[in-house]
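See below for the structure under consideration.
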Number of protein chains: 2
Amino acid sequence: MPRATVDTRAEIRAAALELFAERGVEATSLREIAERIGITKAALYYHYASKDALVGELVDPMFAELRELGDELEGRPVDAGDEAAVRAVVERFWELCLRNREVVRVLIHNPALIARAEIAPRMLHWRERVDAVLVGSDDPADRVRAVVALGGVQDTVIVFEGDDLAAVRGPAIDAAVRALQPGRP
Amino acid sequence: MPRATVDTRAEIRAAALELFAERGVEATSLREIAERIGITKAALYYHYASKDALVGELVDPMFAELRELGDELEGRPVDAGDEAAVRAVVERFWELCLRNREVVRVLIHNPALIARAEIAPRMLHWRERVDAVLVGSDDPADRVRAVVALGGVQDTVIVFEGDDLAAVRGPAIDAAVRALQPGRP
DNA sequence: GTCTATAGACTGATAGAC
DNA sequence: GTCTATCAGTCTATAGAC
């Protein structure tokens, strides 16, 4: 029987992202995804050749955004002393995490994912690249600061998921910018 | 046939923690854990009644430490202006994460875990409780700062796992302490 | 495009011999 | 304590009807 909606593929992705983010990829079966939108597992296989292919298509948009951000910033590292410039990059990273927060959740929660053949090549150290651009330095202490700042920012969109994220934005970015300042407090 | 080692239970826990941290709990089977230490799945079941029981015993020590820290700090909130006091708490949290970094990894990577009946009651908002003690405030902005600081610190013991963590400690704690300072940078 | 039916592998867990 | 053997259930994935 034909279905009420036109875009079954989009429906599959939406249901899958929700379940993957909530329970993890391994803990979610294709049967569950299919049943959530009222089709059978076999019908799902008509649209996606495998679970890996589905996961790959889900995480792709975020990787594309990260690559764009990396490309744009590459070659012109941020001066750590220029607070406005640092803040601008942190803000963009926050917005990116916010837009893709369900994907962030999936990636954080599924380490085995990045080892899968379909997905690993697309990861390319995603956040590490932004780290590097942001601190523009190989100094290990600078890298640590970047991990605290961006890791912390990334965590907020997950931890405060149900809350008013517009209110979280300001303090989160402030804290991250401060964490990035070199030297002892 | 009796085995070379005395403490099979400890061997099981060690192998399980390694595999759970690496791939996630759902993606690791009891057969894999058993075979890694040269016994069968049935032998493993002699020592642990279920997968949940095994997971529970693995995460217990960290929860116990968090409860101790919470108990000790409870009732005497840290003055956000007292930098030395703030630093002391952040340092203790860092050490706790470092000691339990494989468990941290397991918990981060397995959201579904905290919903399991055996484990949920022991979680009791672990990090949230430390957050609360640390900022000693219900102000949402303070809570956000605490999440950035402690989330960032927690991330470093995972991200820099293979590196020299003694060198990571200083910059990580500095960055977290700075992130906790109120107001705009 | 969606279905039913099924293959084949693996899972967590148990029974009972040694 | 560890084994072999097995259960019932689930999984990914496919074949073929409509």
Side-chain angles (χ1 to χ4, degrees), chain A residues 1-20 22-59 106 109-113 115-120, chain B residues 1-20 22-59 106 109-110 112-120:
Chain A
M1 176 180 53
R3 310 186 53 249
T5 28
V6 246
D7 200 345
T8 303
R9 278 176 68 93
E11 267 196 290
I12 291 171
R13 281 196 303 275
L17 186 53
E18 208 176 308
L19 288 168
F20 287 164
E22 194 179 308
R23 316 184 195 171
V25 174
E26 298 284 349
T28 305
S29 72
L30 297 178
R31 180 186 51 78
E32 289 174 296
I33 297 166
E35 281 173 4
R36 170 164 291 214
I37 64 167
I39 61 172
T40 62
K41 197 175 38 159
L44 193 155
Y45 269 98
Y46 171 82
H47 295 281
Y48 286 98
S50 69
K51 198 179 188 179
D52 274 4
L54 175 54
V55 172
E57 204 151 306
L58 281 181
V59 299
V106 170
H109 289 160
N110 296 277
L113 226 62
R116 308 257 277 260
E118 286 282 317
I119 297 172
Chain B
M1 177 177 54
R3 311 186 53 249
T5 26
V6 245
D7 199 345
T8 303
R9 278 176 68 93
E11 267 195 290
I12 292 171
R13 281 197 303 275
L17 186 53
E18 208 176 310
L19 287 168
F20 287 164
E22 194 179 308
R23 316 184 194 170
V25 174
E26 299 283 351
T28 305
S29 72
L30 297 178
R31 181 187 51 77
E32 290 174 295
I33 297 166
E35 281 174 4
R36 169 164 291 213
I37 63 166
I39 61 172
T40 62
K41 196 173 42 158
L44 192 155
Y45 269 99
Y46 171 81
H47 295 281
Y48 287 98
S50 69
K51 196 178 189 180
D52 273 4
L54 174 54
V55 172
E57 203 151 307
L58 281 180
V59 300
V106 170
H109 288 159
N110 296 277
L113 225 62
I114 69 169
R116 309 258 277 260
E118 285 282 317
I119 298 174

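Proteins get letters first, then strands, A, B, ... in listed order; numbering begins at 1 in each.
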- Task: Could you grab the distance from atom OH of B:Y46 to atom CD1 of B:I39, nearest 0.5 Å is fine?
- Result: 12.0 Å
- Looking for any heavy atom pair under 4.0 Å, which part of the strands does A:S29 touch: base, sugar-phosphate only, or nothing? sugar-phosphate
- Query: How many angstroms lie between atom CD of A:E32 and atom CG of A:L44, to the nearest 0.5 angstrom?
  - Reply: 12.0 Å
- Check if the side chain of B:K41 and the base of C:dT11 share a donor-acceptor pair of N or O atoms closer than 3.5 Å. no
- In whole Å, what is the span from the CG atom of B:L54 to the P atom of C:dA13? 10 Å
- Query: Taking CD1 from A:I33 and P from D:dT10, how many angstroms apart are they, rounded to a whole number?
  - Reply: 17 Å
- Considering only side-chain heavy atoms of B:I39, which listed nucleotide, C:dA13, D:dT2, C:dC3, is closest? D:dT2
- Message: Without decimals, in angstroms, what is the distance between A:I12 CD1 and C:dG1 C1'?
- Response: 11 Å
- Can a side chain N or O of B:R31 be found less than 4.0 Å away from OP1 or OP2 on C:dG12? no
- Query: Rounded to the Å, how far apart are B:K51 NZ and C:dT14 C1'?
  - Reply: 18 Å
- Query: Are any of the side-chain nitrogens in A:E57 or A:R9 under 4.0 Å away from the carboxylate oxygens of its partner?
  - Reply: yes
- Give the rounded distance in Å between these two atoms: OH of B:Y45 and C1' of D:dA5. 15 Å
- To the side chain of B:L30, which of D:dT12, D:dT14, C:dA13 is closest? C:dA13
- Task: Give a yes/no answer on whether the side chain of A:T8 brings an N or O atom under 4.0 Å of OP1 or OP2 in C:dT2.
- Result: yes
- Examine distances only and state if a side-chain atom of B:K51 and a backbone atom of B:V25 form a donor-acceptor pair shorter than 3.5 Å. yes
- Nearest-Å distance for atom pair NE2/P, residues A:H47 and D:dA13: 16 Å
- Message: Need to verify one output field. Residue with the more 5' nearest nucleotide on DNA chain D, A:A49 or B:A43?
- Response: B:A43
- Message: Check the phosphate of D:dC3 against B:T40, side-chain N and O only, distance under 4.0 Å to OP1 or OP2. Yes or no?
- Response: yes
- Query: When you check the phosphate oxygens OP1 and OP2 of D:dG1, does a side-chain N or O of B:Y46 lie under 4.0 Å from one of them?
  - Reply: yes
- Query: CD of B:E26 versus C1' of C:dC10: gap in Å, rounded?
  - Reply: 14 Å
- Rounded to the nearest 0.5 angstrom, the CD1-CG distance for B:I33 and B:L19 is 6.0 Å
- Message: Distance check needed: C:dG12 P versus B:E35 CD, whole Å only.
- Response: 12 Å
